[in-house]
Amino acid sequence: MDHAIYDAIKHGIVEFVVKLMKQDHESIWRKGIKGRTMFSHAIVLRQEKIFSLMYGLGIKKNIVARRHDIFHNNILHLAGKLSPPSQLDRVSGAALQMQRELQWFKEVESMVQAKYKEEFNEYHKTPSTVFTEEHATLMKEGESWMKSTAASCMVVATLIAALMFTTAFTLPGGTKSDTGIPVFIGHGAFMVFIVADSLSLFSSSTSVLMFLGILTSRYAEEDFLKSLPNKLIIGLSSLFFSLLSMMVAFGSAIYVVLSHRIAWVSIPLIVLACIPITFFALLQFPLLVEIVMCTYGRSIFDKPTKLPY
């Protein structure tokens, strides 16, 4: 395999590879210096679009999947190697990078026969052993990233939960001394305050539990695929909802207290209350969206039923 083909694979130039396969049908079998085919290089270099062309080979796919390089690595051994830094940097956060690496390993694993999953290479290592050794540092970085994110958000969620619990017993306007019934019980905005306060308390408590689950997780390799991202998604979503509910409760409480005298003052105060939500959205919402897309979004592998020519 010459340098032009390798460079095309390295930079993900799918059109070049497709045209090559169209002009030279034997190119899929051609090996380079290390005994690797173009699809083996696509796996090592993490070029999913070129790798996905394997699905269009039909029965030839199974033959390609059984090929070994000069070190007796099968394609699952190659999938266990650490991704190039340029590909890792396409995903933010060490935990999501670890998730992407696991997605690659699982995808290639689904293509090989069972015996290749436990096959030894020249260094007497199975594919899973190669993956564990190659990703040891990234896994530790992912654990540290998850714990620091969870710890920071847990502090905010705990403060909101404590504040909302206290507010439930210090109602705006107080209560009637003879009956203990809230003074503004008949006010519509007061009911909004009660509902918002309750929702904020419940959602912040949920958020605390999710972040606590992240901090106490065993941090096995498989946890980075679904378990930890799911907990972080629920935790961030609950935190965002609790903050939103807290601002609604604050705005309705201000309106209840000031509505009979200087109601206009409540309007700018309510607008100012939206500022923390906006800041939180700008800082954390992109992270939440990326985690959701990486976990539940469209697969990075196209899996065409036939070749595009």
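Not measured: the values here are computed from a predicted model.
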Closest non-hydrogen contact found for Lys231 with Gly213 is NZ-O, 3.6 Å
Could you walk me through whether Ile28 and Phe39 pass the side chain to side chain contact (heavy atoms under 4.5 Å, CB included) check? CA-CA 8 Å; Ile28 62 174; Phe39 295 112; 3.9 Å; yes
Listed by chain and number, what are the side-chain hydrogen bond (donor to acceptor under 3.5 Å, both in side chains) partners of Asp24, not counting sequence neighbours? Arg30
For Ser40 and Arg36, the nearest pair of non-hydrogen atoms, with its separation, is CB-CB, 3.6 Å
Residues which pass salt bridge (Lys or Arg N to Asp or Glu O under 4.0 Å) with Lys106, listed by chain and number, not counting sequence neighbours: Glu109, Glu222
Are any side-chain N or O atoms of Asn74 and backbone N or O atoms of Tyr116, one a donor and one an acceptor, separated by less than 3.5 Å? yes
Can you sort out the partners of Phe250 under ring-ring contact (aromatic ring centres under 6.0 Å, His included), two or more places apart, ordered by chain and number? none
Can you name the one residue among Thr37, Ile50, Val108 that meets side-chain contact (heavy atoms from CB on, under 4.5 Å) with Ile43? Val108
Under a 3.5 Å threshold, yes or no: a donor from one side chain and an acceptor from the other, between Thr129 and Thr126? yes
Test your reading of the model: is there a side-chain donor-acceptor pair from Ser148 to the backbone of Trp145, 3.5 Å cut-off? yes
May I ask you to check whether Arg100 and Gln97 show a side-chain donor-acceptor distance below 3.5 Å? no
Minimal heavy-atom distance between Ser207 and Gly235, with the atoms involved, is OG-O, 2.9 Å
Within a strict 4.5 Å, meaning less than it, do heavy atoms of the Leu201 and Ile160 side chains meet? no
Quick check: do Lys81 and Leu78 have side-chain heavy atoms less than 4.5 Å from each other? yes
Could you pull out all residues at least two apart from Arg66 that satisfy salt bridge (Lys or Arg N to Asp or Glu O under 4.0 Å)? none
Quick one: does Glu290's side chain get under 4.5 Å of Val91's, heavy atoms only? yes
State whether the side chain of Gln113 and the backbone N or O of Ala65 hold a donor-acceptor pair below 3.5 Å, judged by distance alone. no
Residues Glu15, Lys19: salt bridge by 4.0 Å N-O rule: no
Holding to ring-ring contact (aromatic ring centres under 6.0 Å, His included), I want the full list of residues that pass it with Phe241, two or more places apart in sequence or in another chain. none
Can you confirm whether Trp29 sits close enough to Lys60 that some side-chain heavy atom of one is under 4.5 Å from a side-chain heavy atom of the other? yes
Taking ring-ring contact (aromatic ring centres under 6.0 Å, His included) as the test, write out the residues that go with Phe120, two or more places apart. His124
Which distance, rounded to the nearest 0.5 Å, do you find between the CG of Leu102 and the CD of Glu221? 6.5 Å
Determine whether a donor-acceptor pair (N or O, by modelled atom type, separation under 3.5 Å) exists between the side chain of Ser200 and the backbone of Ala196. no
Does some side-chain heavy atom of Leu96 sit less than 4.5 Å from a side-chain heavy atom of Phe224? no
Output the distance between atom CG (Asp302) and atom CD1 (Ile300), rounded to the nearest 0.5 Å. 9.5 Å
Do Glu143 and Met98 come close enough that some side-chain heavy atom pair is under 4.5 Å? no
Identify the heavy atoms of Gln103 and Cys294 that sit nearest to each other, and give their distance. NE2-O, 2.9 Å
Between Trp104 and Phe301, what is the ring plane arrangement, given parallel below 30°, perpendicular above 60°, and tilted in between? perpendicular
Side-chain heavy atoms under 4.5 Å apart, restricted to Ile/Leu/Val/Met/Phe/Trp/Tyr: what other residues fall into the cluster of Ile70, or is it alone? Phe71, Tyr123
Could you tell me whether Asp69 and Lys34 make a salt bridge, using a distance below 4.0 angstrom between a side-chain N and a carboxylate O? no
Would you say that Ser204 contacts Leu239 through its side chain, given a criterion of any heavy-atom pair below 4.5 Å between the two side chains? no
Take atom NZ in Lys61; do more than 12 heavy atoms of anything else shown fall under 6.0 Å from it? yes
Do you see a donor-acceptor pair shorter than 3.5 Å between the side chains of Ser245 and Ser242? no
Ion pair check, Arg90 and Glu48, cut-off under 4.0 Å: yes
Are any side-chain N or O atoms of Thr166 and backbone N or O atoms of Ala162, one a donor and one an acceptor, separated by less than 3.5 Å? yes
Do Leu57 and Met21 make a side-chain contact, defined as non-hydrogen atoms from C-beta onward lying under 4.5 Å apart? yes
Partner residues of Phe165 under the ring-ring contact (aromatic ring centres under 6.0 Å, His included) criterion, sequence neighbours left out: Phe169
Determine yes or no for a side-chain-to-main-chain donor-acceptor pair under 3.5 angstrom, with Gln87 supplying the side chain and Arg46 the backbone. yes
Lys125 meets the salt bridge (Lys or Arg N to Asp or Glu O under 4.0 Å) criterion, sequence neighbours left out, with Glu133
Could you walk me through whether His135 and Glu101 satisfy the side chain to side chain contact (heavy atoms under 4.5 Å, CB included) test, starting with their C-alpha distance in whole Å, then the side-chain angles of each, then the deciding distance to 0.1 Å, before giving a yes or no? CA-CA 9 Å; His135 294 82; Glu101 291 290 275; 2.6 Å; yes
Gap between atom SG of Cys153 and atom CG of Leu236 - 0.5 Å precision: 5.0 Å
To which residues is Ile234 joined in a hydrophobic cluster, defined by side-chain heavy-atom contacts under 4.5 Å among Ile, Leu, Val, Met, Phe, Trp and Tyr, whether direct or through other members? Met210
Quick one: do Met38 and Tyr6 satisfy side chain to side chain contact (heavy atoms under 4.5 Å, CB included)? Show the steps, please. CA-CA 8 Å; Met38 63 169 64; Tyr6 178 82; over 6 Å; no
Of all residues at least two apart in sequence or in a different chain, which pass the salt bridge (Lys or Arg N to Asp or Glu O under 4.0 Å) check with Asp223? Arg218
For the pair Glu119 and His68, evaluate side-chain hydrogen bond (donor to acceptor under 3.5 Å, both in side chains) and give the outcome as yes or no after the intermediate values. CA-CA 11 Å; Glu119 187 179 41; His68 296 76; 2.8 Å; yes
Positive for side-chain contact (heavy atoms from CB on, under 4.5 Å) with Phe211, one of Ile214, Leu215, Val208: Ile214
Roughly how far, to the nearest 0.5 Å, is OG of Ser227 from CG of Leu232? 11.0 Å
When every non-hydrogen atom of Ala220 is compared with those of Met139, the smallest separation belongs to C-CE, 3.7 Å
Using a cut-off of 6.0 Å, state whether more than 12 heavy atoms not belonging to Lys140 lie near its atom NZ. no
For residues Glu107 and Ser110, report the shortest heavy-atom separation together with the two atoms involved. O-OG, 2.5 Å
Who passes side-chain contact (heavy atoms from CB on, under 4.5 Å) against Thr295, sequence neighbours left out? Gln99, Lys226, Pro229, Asn230, Ile233, Ile291
Can you check whether Ala249's main-chain N or O pairs, donor with acceptor, with Ser252's side chain at less than 3.5 Å? yes
Take Leu76 and Phe131 through the side chain to side chain contact (heavy atoms under 4.5 Å, CB included) test and state the conclusion after the steps. CA-CA 9 Å; Leu76 193 55; Phe131 184 90; over 6 Å; no
